[in-house]
Amino acid sequence: MKRIWLIRHGQSKSQTGEDHDTVNPELSSLGEQQAKRLVEPLKDIFFDVILISPLKRAWQTCQLSEAKSQLREFDSRVIESNWGIEGWYKKILPVNTPNIAKPDRHNAWLKGVEVRASELLEDVLNRPEGQFIMFGHWAIFNTFFHLFTASMETIVAPMNNTGISLLEVDENQKRSIRFWNEHCHVKKQGV
């Protein structure tokens with residue numbers, strides 16, 4: 001069984017208007033609280049691989065979640081959409097990341113979201129590991145979801161901040177959506 005967990009970053013300072021950096025903002029105070037609320041639902045799960053967007057709000061969410069894994073990798077395929085704007089990420093390259101994961105080896109910053117999601121899905125499906133968790137962004141996960149379900153035109157899959165989603169692939173390559181955008185951990189704490 002292959003399990004693919006998707007976690008959108010917590011609320012960013014761009015979302016609150018505290019920071020006008022729409023490309024690579026940090027988490028807001030609320031976003032930090034949301035990310036810490038991930039500790040409880042993830043505490044008993046050991047992931048084979050953690051893939052982390054190199055953008056601040058995603059890796060900060062990963063750190064605060066305390067997700068456990070032997071292998072952590074920054075992966076530029078998990079970055080947010082470029083919103084159809086060519087060169088959207090050029091102004092922040094190269095991105096400095098903390099020493100919490102292996103460096104990005106994909107250099108997918110200037111690729112479109114559909115290309116990145118397709119490459120990511122193919123890679124995850126072909127890797128030998130079974131339990132993946134990705135810390136990233138809504139638009140890449142929405143596209144990944146469409147590719148996973150093979151219905152690009154008819155489904156919209158919104159995600160709340162720190163929403164948890166789980167996709168599975170069994171031994172016969174049958175794909176299942178175990179749950180999408182679960183965020184009870186946030187609501188329970190009044191955040």
Side-chain angles (χ1 to χ4, degrees), residues 4-28 31-32 34-35 38 47-65 67 69 71-127 129 132-149 152 156-165 167 181:
I4 307 165
W5 299 76
L6 308 174
I7 299 188
R8 182 183 179 208
H9 61 80
Q11 182 189 67
S12 73
K13 288 184 176 180
S14 177
Q15 288 175 290
T16 64
E18 295 173 75
D19 189 343
H20 297 294
D21 180 357
T22 57
V23 180
N24 197 18
E26 295 183 356
L27 289 176
S28 68
E32 289 175 3
Q34 292 170 329
L38 292 167
F47 299 97
D48 296 318
V49 178
I50 297 177
L51 299 177
I52 310 164
S53 162
L55 296 173
K56 290 175 191 172
R57 57 200 183 273
W59 60 255
Q60 289 172 334
T61 300
C62 177
Q63 279 188 297
L64 293 169
S65 78
S69 175
L71 179 60
R72 289 173 170 240
E73 302 174 6
F74 282 111
D75 192 328
S76 56
R77 297 174 301 179
V78 190
I79 61 174
E80 182 62 279
S81 175
N82 64 2
W83 310 111
I85 302 169
E86 193 169 326
W88 177 253
Y89 289 106
K90 279 185 180 180
K91 61 185 169 188
I92 65 166
L93 295 177
V95 170
N96 294 318
T97 52
N99 191 23
I100 62 167
K102 288 185 174 187
D104 174 45
R105 59 188 168 86
H106 301 285
N107 196 25
W109 292 91
L110 303 180
K111 293 182 179 181
V113 68
E114 294 83 8
V115 172
R116 287 189 285 110
S118 180
E119 289 176 1
L120 181 62
L121 179 59
E122 183 178 344
D123 183 29
V124 168
L125 293 177
N126 289 317
R127 286 177 71 154
E129 297 93 351
F132 289 82
I133 187 169
M134 297 182 214
F135 288 86
H137 311 271
W138 174 77
I140 187 67
F141 290 156
N142 184 59
T143 305
F144 187 89
F145 175 84
H146 283 297
L147 293 170
F148 185 86
T149 61
M152 290 291 293
V156 173
M159 291 181 80
N160 289 33
N161 290 323
T162 66
I164 303 173
S165 302
L167 311 177
N181 197 35

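Atom CG of Asn96 sits in a sparse spot, with 12 or fewer heavy atoms from other residues, nucleotides or ligands closer than 6.0 Å. With a 6.0 Å radius and a threshold of 12 heavy atoms from other residues, nucleotides or ligands, Glu122 has its CD atom at or below the threshold.
Rounding to the nearest 0.5 Å places CD1 of Ile140 at 10.0 Å from CG of Asn82. Residue Lys111 holds its NZ atom at 10.5 Å from CD1 of Ile79, rounded to the nearest 0.5 Å. Atoms CG and CH2, from Leu64 and Trp59 in turn, are 9.5 Å apart once rounded to the nearest 0.5 Å. Expressed to the nearest 0.5 Å, how far CD of Glu32 lies from NZ of Lys13 amounts to 7.5 Å. Distance check, rounded to the nearest 0.5 Å: CD of Gln34 to CG of Leu27 gives 8.5 Å. Considering CG of Asn142 and CE of Met159, their distance stands at 9.5 Å, rounded to 0.5 Å.
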Asp123 vs Arg77, side chain to side chain contact (heavy atoms under 4.5 Å, CB included): CA-CA, chis, key distance, verdict: CA-CA 11 Å; Asp123 183 29; Arg77 297 174 301 179; 2.8 Å; yes
Test log, rule side chain to side chain contact (heavy atoms under 4.5 Å, CB included), inputs Phe141 and Val78: CA-CA 8 Å; Phe141 290 156; Val78 190; 4.0 Å; yes
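The side-chain heavy atoms of Val49 and Val124, taken from C-beta on, include no pair separated by under 4.5 Å. Between Leu167 and Phe144, some side-chain heavy-atom pair lies under the 4.5 Å cut-off. Looking at heavy atoms from C-beta onward, Glu73 lies in side-chain contact with Arg105 at the 4.5 angstrom threshold.
Here the shortest heavy-atom pairing between Leu121 and Phe148 reads CD2-N, 3.8 Å. The minimum heavy-atom distance between Phe74 and Pro98, with the atom names listed, is CE1-O, 3.4 Å. Residues Leu71 and Ser69 come closest through the heavy atom pair O-OG, 2.9 Å. Summarising the geometry of Ala139 relative to Val113, their closest heavy-atom pair is O-CG2, 4.1 Å, with the distance given to 0.1 Å. Of all heavy-atom pairs between Cys62 and Ile52, the closest is SG-CD1, 3.6 Å. In plain terms, the two heavy atoms of Thr61 and Leu38 that are nearest each other are CG2-CD1, 3.8 Å.
Salt bridge absent: Arg127 and Asp48 never bring a charged side-chain N and a carboxylate O closer than 4.0 Å.
Looking at Arg116, its side chain does come within 3.5 Å of a backbone N or O of Glu80 through a donor-acceptor pair. Of the possible donor and acceptor atoms, one in the side chain of Asn24 sits under 3.5 Å from a partner among the backbone N and O of Lys56. With Ser28 contributing its side chain and Gln11 its backbone, the two residues share a donor-acceptor pair below 3.5 Å.
Scored by the ring pair (Phe, Tyr, Trp, His ring centres under 6.0 Å) test, Tyr89 finds Trp109 as partners (sequence neighbours excluded). With sequence neighbours left out, the side chain to side chain contact (heavy atoms under 4.5 Å, CB included) criterion links Ser118 to Leu147. Not counting sequence neighbours, the partners of Ala67 by the side chain to side chain contact (heavy atoms under 4.5 Å, CB included) test are Leu42, Phe47, Ile50, Ser65, Phe135. Residues meeting the ring pair (Phe, Tyr, Trp, His ring centres under 6.0 Å) test with His137, sequence neighbours left out: His9. By the side-chain hydrogen bond (donor to acceptor under 3.5 Å, both in side chains) test, Ser76 is found to be paired with Asp104, residues two or more places apart in sequence or in another chain being considered. Partners of Ser14 according to the side chain to side chain contact (heavy atoms under 4.5 Å, CB included) rule, which considers only residues two or more places apart in sequence or in another chain, are Ser12, Thr22, Pro25.
Residues Asn161 and Arg8 bring a donor and an acceptor atom of their side chains to less than 3.5 Å of each other.
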